[in-house]
Colleague: 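One structure, pasted below without further comment.
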Protein chains: 2
Amino acid sequence: MTMRDVATVAGVSTATVSKVLNDRPDVGAEVRQRVLETITRLGYRPNAVARGLRSRHTDTIAILTDDLEGIFTNALMRGVEDAASEYDVSVLLANSYGDPEKERKHLRRLIDRQVDGLIIMSGNRVRPRPGPALPLPGTPYVFLYEYGTSEPVPSVLPDDRGGAVLAARHLTGLGRRRIGFINGPASWDATRDRLEGLTVTVHEAGLTLDPALVRHAPSWSPEDGYALAESMLATHRPPDAIFCASDDLATGALAAIHERGLRIPGDVAVVGFDDRSLAVHQRPPLTTVALPLHEMGRTAGSLLLAAINGAPQRHELIRVPCELKVRASTSG
Amino acid sequence: MTMRDVATVAGVSTATVSKVLNDRPDVGAEVRQRVLETITRLGYRPNAVARGLRSRHTDTIAILTDDLEGIFTNALMRGVEDAASEYDVSVLLANSYGDPEKERKHLRRLIDRQVDGLIIMSGNRVRPRPGPALPLPGTPYVFLYEYGTSEPVPSVLPDDRGGAVLAARHLTGLGRRRIGFINGPASWDATRDRLEGLTVTVHEAGLTLDPALVRHAPSWSPEDGYALAESMLATHRPPDAIFCASDDLATGALAAIHERGLRIPGDVAVVGFDDRSLAVHQRPPLTTVALPLHEMGRTAGSLLLAAINGAPQRHELIRVPCELKVRASTSG
DNA sequence: CTGAAAGCGCTTACAG
DNA sequence: CTGAAAGCGCTTACAG
């Protein structure tokens, strides 16, 4: 069943069928109608491979990730798919499992298959990323949630600094004066920006940050959040609020505060970061800075699609604003 | 950069270049050598779209899942990819997010793109599955980890019954005589097979199952495992072993046993099912029936590839054997 | 508004 | 062993 069959049955040329299929204006109304009917009657579907060969585009983009099982991967992907579906573009998924050799192989295959563009997305950084593992001549790409891209590539990240500003304003606005900060491991780029946002905002409120209450956790785990919160609480001037650079850290902090018999938020207010589903299930539900994962995915997708459609690629970092979710851990 | 360029530079015809590329025997050694060198020198890569149009196959299969974030999805996928890479076939991923409309759309697109075959994989059942959401004329497919496929489609599942037999033999071999069973929700097909395997094996050992100790949990969660174990332990003739139909259930059971101050495995031995990573981190590490996820994926991939290469499709259920992982929760 | 013709980059009988 | 030619199923100038 090919376009020729449709043409024959409808009594037109294949060129006309093609025009109808591609919504070109230069087809008469009744002819268009007849062709359309024939198509549905025969159940004809155009061969995407043939179309791709001729028209030089496949209406397909690919997401290449090294961390398909990552906690943020799904929301990011959905964002990309949302953007893509607006343009009627399919999205393929390829997983390198964190193996650079696999990444190269996938990249080559995707290029061979003529995908129109690529989104390179990570959770855990496989390697330093000056760009894709392969030069991508003529294929637009954008990085999504990839920290550590020193080179100027189009890249979409959360506004970590701005997110911390939101949290800090919320806390100072609530009258908290001694804010502790349990940051993630210093090796993560995001922790620098979050610390900076917090610091600047606290200073703007006329307060200072006590260095004893500002700590990098060795990992993002609840256990480390617990340990650091406990040590802050044990000082003779404990904090009246603890901001944590992840929800997992905050979970640990909540436990430490409870264990001391302190009230949340009465004695100590707690703010997390990420807005994972566990945040809302905490006791009390956790106020947190939501990572705009879905919006980041959308942004990356739209950027890529724009580039594919000829827009000039902006080789720069795009920061997508975070949103503060206020819950009972700060405003009971 | 096309095959014509390579042909010109190497001083041969495109037909010859094509033959070299496809490892056909009918090319002279020195010509082959020359073409190969030219290809690498020019960095030529064949256009997969053109090749696909002409040769009617794309060397690509797709996995269509409704549950990309499912706990078993990754291991299954890796198995499929392993099988595919042996055949030098790429695997595409498409996610329906559990939306039947999305599934249909993906299916249509994948067929339009001429994938050579499909693996339809689920964690949570979207709908009754007599087959794919769409008739797939001429495109081989196999179901992977899809329960409830009443119709005769090629389908790969774990040997749930056999897995339960392994667990039961282990327990009776250890001399346990009162075996409790915390099964999953009765609506899951797997629970029937697991119960049957357990029952038959226990009877073979000359023992009986006390109906009071055989229960369906309302969900697969640790909380339900805890509650049911607790109620079994509270009877005046408590079990000396508890078999759980999932590691999560077993986690809850372990907690209930600990809380009663009983020793594991001294007083009560515990066996789980799944072998998720949490099993090995329990106190004590959990003996469990490992789901052969990777092998299931491989099997589905191999079956599909064989079908693509012309093997007759066997429309039947393939059960892949489980493996018992013995750890300290049964043999301290 | 419609169609004949060329061509996208390959592969595949087939002739030599 | 090698190459000329046809053709996979579309789209795209172009002529009418």
Colleague: Under 4.0 Å, counting only non-hydrogen atoms across every strand here, what does A:R56 touch: a base, just sugar-phosphate, or nothing?
Modeller: sugar-phosphate
Colleague: Determine the interplanar angle of the A:Y147 and A:Y145 rings, folded into 0 to 90°, and report it as parallel if under 30°, tilted if 30 to 60°, perpendicular if over 60°.
Modeller: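 Perpendicular: the ring planes of A:Y147 and A:Y145 meet at over 60°.
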Colleague: Apply salt bridge (Lys or Arg N to Asp or Glu O under 4.0 Å) to residues B:D59 and A:R113 and explain how you reach the verdict.
Modeller: CA-CA 11 Å; B:D59 293 330; A:R113 294 183 61 82; over 6 Å; no
Colleague: Just to confirm, is there a sub-4.0 Å distance from OP1 or OP2 of C:dG3 to any side-chain nitrogen or oxygen of A:T16?
Modeller: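 So the side-chain polar atoms of A:T16 do come within 4.0 Å of the phosphate oxygens OP1 or OP2 of C:dG3, strictly under.
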Colleague: For C:dA13, which nucleotide in any strand shown is its Watson-Crick or wobble partner with both distances under 3.5 Å?
Modeller: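 Here C:dA13 is not engaged in any pair, so there is no nucleotide opposite it.
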Colleague: Rounded off to whole Å, could you give me the CZ-to-C1' distance for the B:R54 and D:dG9 pair?
Modeller: 12 Å
Colleague: By nearest nucleotide on DNA chain D, pick out whichever of B:P25 and B:A50 is the more 5' one.
Modeller: B:P25
Colleague: Among C:dC10, D:dG3, D:dT11, which nucleotide sits nearest the side chain of B:R51?
Modeller: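 Minimum distance to the B:R51 side chain belongs to C:dC10.
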Colleague: To the nearest 0.5 Å, how far apart are OH in A:Y44 and CG in A:L21?
Modeller: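 Reported to 0.5 Å precision, the distance equals 5.5 Å.
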Colleague: Take atom NZ of A:K19 and atom P of C:dG3, then tell me their distance rounded to the nearest Å.
Modeller: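 After rounding, the gap between these two atoms is 8 Å.
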Colleague: Mind calculating the distance between CZ (A:R24) and P (C:dC1) to the nearest angstrom?
Modeller: 15 Å
Colleague: When we call it a touch if two heavy atoms are under 4.0 Å apart, what does B:V49 touch: a base, just sugar-phosphate, or nothing?
Modeller: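 No contact.
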Colleague: Could you identify the nucleotide paired to D:dA4, looking across every strand shown and requiring Watson-Crick or G-U wobble geometry with both distances under 3.5 Å?
Modeller: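 Pair assignment: D:dA4 / none.
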Colleague: Counting any heavy atom closer than 4.0 Å, what does A:V17 reach on the DNA or RNA strands: base, sugar-phosphate only, or nothing?
Modeller: nothing
Colleague: To the nearest 0.5 Å, how far apart are CD in A:E146 and CG in A:L144?
Modeller: 8.0 Å
Colleague: Tell me whether the OP1 or OP2 atom of C:dC8 has a side-chain N or O from B:N47 closer than 4.0 Å.
Modeller: no
Colleague: Which nucleotide in the list D:dT12, C:dT11, D:dT11 gets nearest to the side chain of B:S18?
Modeller: C:dT11
Colleague: Of the nucleotides C:dG3, C:dT11, C:dT2, which one has an atom closest to the side chain of A:S13?
Modeller: C:dG3
Colleague: Look at B:Y44 and C:dC10 and indicate whether a side-chain polar atom (N or O) is within less than 4.0 Å of OP1 or OP2.
Modeller: yes
Colleague: Show the numbers, then the answer: is there a salt bridge (Lys or Arg N to Asp or Glu O under 4.0 Å) between A:K102 and A:D66?
Modeller: CA-CA 9 Å; A:K102 275 211 164 84; A:D66 58 15; over 6 Å; no
Colleague: Tell me the interatomic distance from A:E30, atom CD, to C:dT2, atom C1', rounded to whole angstroms.
Modeller: 12 Å
